[in-house]
Amino acid sequence: MWWKKKQNNKVTLLAYREGIWELLIYQFVTKLLLAVCVWGMKQLAGLLLWRAGRPAITSGDIPYLFRSWEGWTLAAIGIVVLILYISFEIHIMILMSDNILNQRKKKFLGMAWEALSKLRYYLHPMGVLVILYVSFLGPLVGSKLGISLTSTFKIPDFILSFILSKMWLKLLYYGLLAVLFCGGILYIFTFHFMVLGNRRVTLAMKESRRFVLKEKGKLLKAAGKLIVTGTLWLGAGFVIVFLILLEVAGSEQMELFWRRFVMIESVAGLGAVLALAGILFPIVFFLTMTMLYQEHVSPGTAFQVPEKKKKRKWILIPIVVGAAGITAMSVLSAVFFDEFFPKSSTVELIGHRGAGTYSSENTVESIEAAAQLKLFATEIDVQRTKDGQYILNHDNDFMRLCQDDRTPQEMTLEEIKELRIRNTGKGKNKEPQEVATLEEVLDAAKGKIRLYIELKGKTADKRMAEEVYQLVKEKEMLSQCTFICLNYPLINYLESRHPDADTGYLCFYSFGDLEEMNCDRLLLEMETATESNVEKIHEAGKKVDVWTINSGEKLQQYLLRSVDGIITDEVKEGVNTRKFLNEREDLGRVLGMLAEWF
């Protein structure tokens, strides 16, 4: 049997060598087709938004999506886009891999039509589950084998922080991730059985589970080869670049320009290699998986040896152009080093609910702590009491902070003032605190720190908007306050009625022209705060703040972005991170770029 094994190894190497270039070309074509399709879908969605009189659909518009035909149509467009991505990024890659391994000589258009024809299998509840897993659940467990459109999908940090703060929720969350991961492994060949085996989705899942359990040793060996090979190549690249950077950074003989140039060229070269690896990995993965699938369904399969193609001299063109581009970019970056790698961050720090975890939330003490840390601003949550007063509280009731399950609207200010908030902050003050009134907080902040006043909870209405605005105006603090809310109609009302008020809309996902929203600033969750969104919003003369960023890695990342502010619970770490960034030498600034890419 050794000669068959040797023959298959030869076929494998030739399939990779010949197939990679063919699949790269096909990937370029399919990405172009997807771009055209998605552009068309976006235009259609834009027309629907225009007809509905809305610049964008955001997290505050979920009720609208379910009560209007425009909303249902937008949801349908989203599903169609997901299905197109699955067809062109999974189905067609399987068909192309099969075409290469068996030398079937099928034409691209024929395979594209065949890939689309398999969509009929998703007209089943389990088919919908497969679409949801590949699109949204897979990325949660770090899977890069789904579709590129949703590959960066993740649970927003403000939700994840809450989950990880409760032990039972944390165990449930990690348990769910483990189940999703194991499910992804067991059903990893579902698409192969659907596309190549013409199985219905339920049968394809059953066949995949049976295959994985039966051939787990062979699959682990194949996965090990891919992981070890990739790790060795990338690890070698990291070591080489790191040694170059250390040598160059410590050289006193080399001129400043050349030292910076070599640093940037090395890091950019490694970045290009990593980008290429990211492109090649799916190709190698699909070829390997298709070969394993065919060996399973047809034991003893003798794959056709791919014909050796003529030397592709044209391959040198993109390599030379890419290398020249990296070199030109490195020269330009070395000349304008401070512009490309700013030494100091201009992004402002905004404390969440006062001074975040440094103090008791939403209290006068937390405002004073935020001012002492020299934060740009602090965000607070305002609700209305039973007797029409305004106090600070985030939750619907006082249970978490004061062990009282009543809500602000069920209590008078006098009753609320009897409550005490246990101070568990990291600052020096550990005394229990009173529930603060808005007036007390305005007095404490005046002339010291900016306030982001969130109109919060069930009492967030036009009455609240008017009364809070008037109170701020009476205190002569309009220039020191920003009114924010998750309810866009309320912010739209406030901005339209009082143009002198600084207003901000909070959202954690969006589609459409965010920059057209009627407000002065957008407060975006990280996934929505893309470079393109930030650029468009800035061009419209509005500001962008990102919320809620708590990890040191993300703080460093967004302090170097083009956003205007960061809302964080970890205010002390934010201050220290900005100080660290402002004190970096050239090597740290270039390595920061490398960290940003990852």
Side-chain angles (χ1 to χ4, degrees), residues 59 62 65-66 75 78-79 81-83 85-86 89-90 121-122 124-194 201-213 216 219-220 223 226-227 281-282 285 289 352 357 394-396 399-400 486 507-510 524-529 547-554 557 569-570 598:
S59 50
I62 294 175
L65 287 173
F66 292 103
I79 293 170
V81 169
L82 289 178
I83 290 173
Y85 266 82
I86 288 173
E89 291 193 339
I90 297 179
Y121 294 125
Y122 297 105
H124 186 280
M126 290 305 295
V128 175
L129 185 62
V130 169
I131 292 173
L132 289 176
Y133 182 90
V134 172
S135 303
F136 302 109
L137 301 180
L140 291 182
V141 294
S143 172
K144 299 298 181 185
L145 306 175
I147 56 176
S148 61
L149 181 68
T150 56
S151 60
T152 59
F153 176 79
K154 59 190 280 297
I155 296 176
D157 266 24
F158 74 99
I159 296 177
L160 189 58
S161 297
F162 174 75
I163 292 172
L164 299 181
S165 68
K166 309 282 185 182
M167 181 55 70
W168 70 274
L169 280 177
K170 184 191 293 188
L171 292 174
L172 185 64
Y173 172 69
Y174 284 121
L176 179 60
L177 289 186
V179 170
L180 290 174
F181 177 78
C182 293
I185 297 297
L186 283 174
Y187 299 110
I188 198 168
F189 285 93
T190 297
F191 289 107
H192 281 80
F193 281 101
M194 289 171 63
V201 64
T202 50
L203 184 57
M205 292 176 71
K206 187 184 296 184
E207 293 277 7
S208 175
R209 183 176 67 247
R210 188 182 302 158
F211 173 29
V212 170
L213 293 175
K216 52 184 176 293
L219 297 175
L220 284 171
L226 286 175
I227 293 169
F281 173 74
F285 171 80
M289 295 290 285
H352 190 216
T357 57
H394 174 271
D395 300 350
N396 290 328
M399 190 64 198
R400 179 173 60 88
L486 285 160
C507 66
F508 50 89
Y509 68 78
S510 71
L524 309 177
E525 205 278 327
M526 284 185 289
E527 297 303 303
T528 307
W547 61 287
T548 301
I549 301 179
N550 292 329
S551 72
E553 173 195 350
K554 293 296 182 183
Q557 181 181 346
D569 287 303
E570 301 301 330
F598 295 124

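Interatomic distance, Phe189 CZ to Met289 CE, rounded to the nearest 0.5 Å: 3.5 Å. Atom CH2 in Trp168 sits 9.5 Å away from atom CD1 in Ile163 (nearest 0.5 Å). Taken from CG in Leu177 to SG in Cys182, the straight-line distance is 11.0 Å, to the nearest 0.5 Å. Between His394 atom NE2 and His352 atom NE2 the span is 5.5 Å, to the nearest 0.5 Å. Rounding to the nearest 0.5 angstrom, the gap separating the CE atom in Met526 from the NZ atom in Lys554 is 5.5 Å.
Summarising the geometry of Tyr133 relative to Gly184, their closest heavy-atom pair is OH-CA, 3.2 Å, with the distance given to 0.1 Å. Taking both residues in full, the closest heavy atoms of His124 and Thr202 are given as CE1-CG2, 3.5 Å, listed atom of the first, atom of the second, then distance. Here the closest heavy-atom approach between residue Pro139 and residue Ser135 is recorded as CG-O, 3.7 Å.
Ring pair Phe191/Tyr122 is tilted by interplanar angle, where 30° to 60° counts as tilted.
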Just do the side chain to side chain contact (heavy atoms under 4.5 Å, CB included) check on Thr190 and Tyr121 with the steps written out, would you?
CA-CA 11 Å; Thr190 297; Tyr121 294 125; over 6 Å; no

May I have the step-by-step check of side chain to side chain contact (heavy atoms under 4.5 Å, CB included) for Tyr187 and Val130, ending in yes or no?
CA-CA 10 Å; Tyr187 299 110; Val130 169; over 6 Å; no

Leu164 and Tyr174: side chain to side chain contact (heavy atoms under 4.5 Å, CB included), yes or no, with the steps?
CA-CA 10 Å; Leu164 299 181; Tyr174 284 121; 3.8 Å; yes

Would you sort out whether Cys507 and Leu524 count as a side chain to side chain contact (heavy atoms under 4.5 Å, CB included), showing the intermediate values?
CA-CA 5 Å; Cys507 66; Leu524 309 177; 3.6 Å; yes

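Checked against side-chain contact (heavy atoms from CB on, under 4.5 Å), Leu186 has the following partners two or more places apart in sequence or in another chain: Arg209, Val212, Leu213. With sequence neighbours excluded, the residues forming a ring-ring contact (aromatic ring centres under 6.0 Å, His included) with Phe193 are Tyr293, listed by chain and number.
The only option from Ile86, Ile79, Val81 that meets the side-chain contact (heavy atoms from CB on, under 4.5 Å) definition with Ile83 turns out to be Ile79.
Counting only distance, with no hydrogens or angles, the side chain of Asn550 and the backbone of Asp569 share a donor-acceptor pair below 3.5 Å.
Open room surrounds CZ on Phe181; 12 or fewer heavy atoms of other groups in view lie less than 6.0 Å from it.
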